[in-house]
A.B. asks: 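Starting off with a structure, shown below.
For reference, positions follow the sequence shown, starting with 1.
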Amino acid sequence: MTKTTLNVLFKKMQKDDKKEVLEFHVQGNELPNTQELVGLAGSIVILNVEESKAGTFNAEFVSVQKDSKKTTLKFNIKGDSDDKVIKLYPHAGRSVTLLMEPSQMSVDDFYDEDDHEGVEYKIEKDGTASVSPNQMTLDDVAQDEEIDNQDDSDKSEDEENDDPFAQVTLSDDDSLE
């Protein structure tokens, strides 16, 4: 699918506990790319309100509802996009150009994005990620593996000498009594 451009009325913005709900109306009976839009409903899309400085952001395309006068498009944006959402407020209630394209992210990934194990990081304004200076590097991992392998080989030599069931040859002078 390709990028879809729609001239819409930015009808409403509503803040929920964890998300921002955006509602857009397409006036009239003619809706370009109807099949594509219906196919995208229920998935994650990349949105851009062309007139705003918010840039692109991921949103869940919740639904497409059509009646005799308009078509309503509803989207959910997660709370972690607050700085972008603030830039959308001045455009609510106005006609805007909405750019929309499919995202490769699943709905589960969209809502579970913050609940991951692994490296803690912070996304900077320029899009780069910064990690803790105490974060282990790949070189550190390689060194640790070398040390572990060396420790394992030392252990195996020690274990060979400490085996209580090792075969012992007794001489005639040794007695079991």
A.B. asks: I need the minimum non-hydrogen distance between Leu9 and Gly93, along with the two atoms involved.
C.D. replies: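 So the minimum-distance heavy-atom pair works out to CD1-O, 3.8 Å.
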A.B. asks: With side chain to side chain contact (heavy atoms under 4.5 Å, CB included) as the criterion, how do Glu20 and Gln14 come out once you've worked through the C-alpha distance, each side chain's angles and the decisive distance to 0.1 Å?
C.D. replies: CA-CA 6 Å; Glu20 197 83 35; Gln14 183 176 356; 5.9 Å; no
A.B. asks: Closest heavy-atom contact between His25 and Lys11?
C.D. replies: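 Closest approach of His25 to Lys11, heavy atoms only: CE1-CG, 3.5 Å.
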A.B. asks: What pairs with Asp140 under side chain to side chain donor-acceptor pair (under 3.5 Å), at least two apart in sequence or on another chain?
C.D. replies: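 Partners of Asp140 under the side chain to side chain donor-acceptor pair (under 3.5 Å) test: Thr137.
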A.B. asks: What I want to check is whether the side chains of Thr71 and Gln65 have a donor and an acceptor closer together than 3.5 Å.
C.D. replies: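 Note: Thr71 and Gln65 side chains miss the donor-acceptor criterion.
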A.B. asks: Quick check: do Ser95 and Val8 have side-chain heavy atoms less than 4.5 Å from each other?
C.D. replies: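 Side-chain contact under 4.5 Å: no.
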A.B. asks: Is any side-chain heavy atom of Leu99 less than 4.5 Å from a side-chain heavy atom of Glu50?
C.D. replies: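 Of all side-chain heavy-atom pairs linking Glu50 with Leu99, at least one is under 4.5 Å.
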A.B. asks: Below 4.5 Å, heavy atoms only, C-beta onward: do Thr97 and Val49 meet side chain to side chain?
C.D. replies: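 A side-chain contact under 4.5 Å is absent here.
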A.B. asks: Would you check, one step at a time, whether the test side chain to side chain contact (heavy atoms under 4.5 Å, CB included) holds for Leu47 with Leu98?
C.D. replies: CA-CA 7 Å; Leu47 286 183; Leu98 181 67; 3.9 Å; yes
A.B. asks: Grab the two heavy atoms, one from Asn48 and one from Gly55, that are nearest each other, plus how far apart they are.
C.D. replies: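 For Asn48 and Gly55, the tightest heavy-atom pair comes out as OD1-O, 3.5 Å.
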A.B. asks: For the pair Phe75 and Phe24, name the ring-plane relationship: parallel under 30°, tilted 30 to 60°, perpendicular over 60°.
C.D. replies: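 Phe75 and Phe24: perpendicular rings.
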A.B. asks: Going by heavy atoms in the side chains, are Thr72 and Glu23 under 4.5 Å from each other?
C.D. replies: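 SC-SC contact between Thr72 and Glu23 confirmed.
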A.B. asks: What is the minimum heavy-atom distance between Pro102 and Ile46, and which atoms define it?
C.D. replies: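 Where Pro102 meets Ile46 most closely, the heavy atoms are O-CD1, 4.2 Å.
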